[in-house]
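Proteins get letters first, then strands, A, B, ... in listed order; numbering begins at 1 in each. As the structure is a computational prediction, the values presented were derived from the model and not from experiment.
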4 protein chains.
Amino acid sequence: MDRRFEIVKAGHIELLVTNLDEAKRFYVDTLGFVLTESDKSHLYLRGLEDRQHHCLTLTQSGTPGVGHFAFRVASEAGLKSIEKLAKSKGVYVRWLEPGEERGQGRALLVEDQFGFPVEFYSKMAGEEWMLQRYQHHRGAKVMRLDHFNIMLPNAASAFDWYVKSLGFGCTEITETEGPKPALWAAWLRRKHTCHDIALTTGKGPRVHHAGFTVSDRASIMDAADILASTGYLQSMERGPGRHGVSNAFFLYLRDPDGNRIELYTGDYITADPDWVPIRWKLNDPQRQTFWGAPTPATWFNDAMLVKSPKTGKFAGLSAPKIRDRPDYLLSAR
Amino acid sequence: MDRRFEIVKAGHIELLVTNLDEAKRFYVDTLGFVLTESDKSHLYLRGLEDRQHHCLTLTQSGTPGVGHFAFRVASEAGLKSIEKLAKSKGVYVRWLEPGEERGQGRALLVEDQFGFPVEFYSKMAGEEWMLQRYQHHRGAKVMRLDHFNIMLPNAASAFDWYVKSLGFGCTEITETEGPKPALWAAWLRRKHTCHDIALTTGKGPRVHHAGFTVSDRASIMDAADILASTGYLQSMERGPGRHGVSNAFFLYLRDPDGNRIELYTGDYITADPDWVPIRWKLNDPQRQTFWGAPTPATWFNDAMLVKSPKTGKFAGLSAPKIRDRPDYLLSAR
Amino acid sequence: MDRRFEIVKAGHIELLVTNLDEAKRFYVDTLGFVLTESDKSHLYLRGLEDRQHHCLTLTQSGTPGVGHFAFRVASEAGLKSIEKLAKSKGVYVRWLEPGEERGQGRALLVEDQFGFPVEFYSKMAGEEWMLQRYQHHRGAKVMRLDHFNIMLPNAASAFDWYVKSLGFGCTEITETEGPKPALWAAWLRRKHTCHDIALTTGKGPRVHHAGFTVSDRASIMDAADILASTGYLQSMERGPGRHGVSNAFFLYLRDPDGNRIELYTGDYITADPDWVPIRWKLNDPQRQTFWGAPTPATWFNDAMLVKSPKTGKFAGLSAPKIRDRPDYLLSAR
Amino acid sequence: MDRRFEIVKAGHIELLVTNLDEAKRFYVDTLGFVLTESDKSHLYLRGLEDRQHHCLTLTQSGTPGVGHFAFRVASEAGLKSIEKLAKSKGVYVRWLEPGEERGQGRALLVEDQFGFPVEFYSKMAGEEWMLQRYQHHRGAKVMRLDHFNIMLPNAASAFDWYVKSLGFGCTEITETEGPKPALWAAWLRRKHTCHDIALTTGKGPRVHHAGFTVSDRASIMDAADILASTGYLQSMERGPGRHGVSNAFFLYLRDPDGNRIELYTGDYITADPDWVPIRWKLNDPQRQTFWGAPTPATWFNDAMLVKSPKTGKFAGLSAPKIRDRPDYLLSAR
């Protein structure tokens, strides 16, 4: 695994919401994210296990979507190496000054060659650990950010970028059927879990969801009960269930603006240097849901638009050249 | 609550299966029922909490379905009172001699006025309690039989029979919408749980499912993982999820013959004499699944045929005069 | 089972506390009991599953202890039968007028022949069911009262009273070792669970604890984490663990005044009319804790004094003639 | 974090047992380790999540203890760097040829300066992943090896070796009280969990225990029930409970020879480069057990002897200069 860039993990994501009060009711009051601080147009949230300023920023916006997502890097030197690499690709990069994003040190904002707004940062302000303050664990008892799942027309090219250039390890892949299988999706990691980022074939650039870790299956079931009791019945898009890929137990939620997050628990540790990627076929009914429950069409149709760091507008979309879902769901398009 | 008939609980059910070996693999090897004994054409199974011979009999048959279901009665006197009551209704009754059903004392087999084969028994042979022999708990860790759910055209008339004549208590009901709501379903109990029998509107007489209690939500999740690993993907028809009615956590399964059982946990205690039935409207999306997940059409279409004690043939079916499912599922008929 | 007296279940208990604010912080804010109402000297609490006014009353008092414990009876006629039976034993009885205990109908208060203040009541005001309002489930998520455990010098005589006179069923017993085993403890029930009342040998009359049902093992573990985070480390007297007797998973707590309650889950259903009591020997190391963990000496030494309905003073204590604990704990007395 | 030596994780441990059949009954039949292969004097076991040959070797021996423990290293180059470093310390090193330890590539065996037999290896044969073959999950459902906990007189010197020389990160420490606090214990990690190795003050060199990860608290509770049902009551030395340090949920077991392992779940992810060690005081009652339950004296008295790679005999023991347990347990020595 290439270590030049010293990326350590998926760090945080900025979701755009149209009503901060509604978003607070969903993320803080109901799901139990910890509110680190807020200003007129932002809420900075962390999980119970986080010792840092935020893993989720909610930003007041006229339109929902994703402002940016960010990887944590071990050192300033790593940031500079990434800047150099990005510039060699001719993409837009911009440095953010310390504090330009609340709680964060100097950071590099990139519009990558696939159109995604990706931030790299090394320093972030420390915050109190809530892990053993159990009286404050509520709702889904969200522990931390786990991963981003992004959707783009050409997963294979992004695979090369993340694995060969940025030094991510590949834990699982999905291929199309047939004699010449194409890479359809990949789960890539820097930290020792199943993934920090997943690449999925579909109209893009879009962010499909951000996954947040909870402690156990009971936390997910409890979250479903609480959401069902508080008027968020429509927020539960898919699950609870067990994934084939990643083996994790999951529940997909749509926030009041339709932004999608995943409650996620129970994947595996991936420290081994000789990890051979687990391979799935796109049409395997146990790939997405190990128990075989069908995935709703919205799961393939909907994803979050991303804001261009260069223009400040949402990125335009391109369609993939290969199909964007299993055969048995093509009719539900 | 009328105590003349001394019915104490849902006691056991006889399911007809076309292949005893296949049925054993499903119920014993996979779900973890305890095999008390077997002969050439029967398997007698009990749960981990049962101290008696069987709560589930599997009988070799050319066609799947239900042979009979049975209520346990506190005494022989109770059986005689029930015989008298049944005869006053002019229905077919027959006494089974001790041992005629393996492990069971003298019993009364009735073809009730709705066409169901219902047995009443008082004595059953004792068996070892497996509850604290944890090394033998496997699969879904099935504890005991909880209830029967039967489907018939006129739930209201069966309601009168069970509540007014047989002395069942009513814990929850479902009514149709509109100014003149009709009783659509009822959950009735003798033991101190949500129900021993549920009555549902639909083409009948059929048995919709038999519900078996497991210890907790984890047992149901574990069962789903095991079923998904052993080729029973298609057996998982609905769930896991939380019911609105009964508040129980559930998973509906179809055995290799299509017979339906429910894994069930987490309802409530109903000893109070002044229990006011919980009322639900048929179209309430949280009634069947508290988390709002849609129920598959098969759940409304399919149920188990019942064998007539009188003729030995399967009972013919009649359709209800009111609709047999919520409005939002009518199109899936 | 004798039904003349129509006792249906353990109904509620009145604990005497020296500081209502402290008691509220423990029972309501930390453990999650629902506060139905309060006045200057009482808090009336119920569980999440209760549909009635209270299962736990906390009463301001100069000294901790038990004001009374109460069984629910199916009808007024049942109350009168109990009055007659009690009077035939020459014990003190007194009728409470409707509302004399908040939320309760006419009730019979008895100082039984063993010195315990036992109330029998039939009517109680209805309250909102919180079972499916999951957003309000907190702390230990207490569902309902399950049982009383009382301590007295002569368990055998109380056994006769509860079983032969009041019609309780016996589910489990503990006997002393040796050629002439003496009854040391008994678990007795009216509702279909392991027990409504347990009788234990020891200095008495005292109430050892009141047991409250929670949904699952996770609720008990979560409660331990929360108690440990909020300054109640000393409140956790024993557990979490698995009982041999009752098979339940438990945690024993001492409230800020030293009153003892149990969080309890996972016993079994006892509707069968031919239940044969499970028998344990006093010295069996798995009897109290199935996993073998030793019970602290305080568990045998401490219990709650009870208030005499006749004198309003705490009842004096007598010692048992047989030993009050297993041999292996005699040295810890 | 120093990456020259490319240590990736705690890899496996060799426990010496006096009866392989008894050991198999404990580890495989009861706890659910997967048997990869065996020969006359060894069992090679792995966890359900492992994709490699073994994480636990049981070796027939006249005396219980630890043969060696091993860290996995990312590459052969890493092994050579470690050889060079070890030789610079003047300690005994020996190369094992591929296959000399079954399933393993070329490996470096070191008797470190503290007397511990530590192996470093890079290659190991791949094996089938049992993670999604749920029908084979049994007992404690052991997932993988998590960490070693070693006991030695001078934890501070080993801290320098592991952190400054070998490049481990420090996640938590325990210090003695007083104006000049001494390092009493440290939790050190290479993979992104709380620890791969813990250093504890005590008579040594000894291995206190090896920790194995299970999926959730329920797996630990289930294991306790199973152990209690199969004659292993005495095997449960401490727990189940919650640790203060690591926040993990635990159960300590002694195998039939007295070797100690831990079932462990629920610590946290430690990918962040700026992790500030959590600090505990030795006398804090919540440090070892967050719920305050006292630790038995055996936990401080007993640990596993280690075999010298140089002499093949068990290493002699030295006592620490500072006390080896909290003040409140000194009397139990």
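Applying the salt bridge (Lys or Arg N to Asp or Glu O under 4.0 Å) criterion to B:Asp29, with sequence neighbours excluded, gives B:Lys24. Applying the ring-ring contact (aromatic ring centres under 6.0 Å, His included) criterion to B:Tyr121, with sequence neighbours excluded, gives B:His12.
For residues 41-65 of chain D, an interface with chain B (any heavy-atom pair closer than 4.5 Å) does not exist. Of all residues in residues 213-243 of chain D, those placing a non-hydrogen atom less than 4.5 angstrom from a non-hydrogen atom of chain B are D:Asp222, D:Asp225, D:Ile226, D:Ser229, D:Thr230.
For B:His147 and B:Tyr264, the gap between ring centers is short of 6.0 Å.
To the nearest 0.5 Å, atoms CG (B:Asp272) and NE2 (B:His192) are separated by 9.5 Å. One finds the CZ atom of B:Phe249 at 9.0 Å from the OG1 atom of B:Thr265 (value rounded to the nearest 0.5 Å). Atoms CG and CD1, on B:Leu145 and B:Ile261 in that order, are 10.5 Å from each other to the nearest 0.5 Å.
Nearest heavy-atom pair, D:Thr193 versus D:Thr171, reported as atom, atom and distance to 0.1 Å: O-CG2, 4.3 Å. When all heavy atoms are compared, the tightest approach of B:Val245 to B:Glu172 is CA-OE1, 3.4 Å.
D:Gln132 touches chain B through its backbone: at least one of N, CA, C or O sits under 4.5 Å from a heavy atom, while the side chain does not.
Side-chain atoms of B:Phe69 and B:Ile197, non-hydrogen and from C-beta on, do get closer than 4.5 Å to each other.
A salt bridge is defined here as a Lys NZ or Arg NE, NH1 or NH2 lying under 4.0 Å from an Asp or Glu carboxylate O, and B:Arg254 with B:Asp302 meets this definition.
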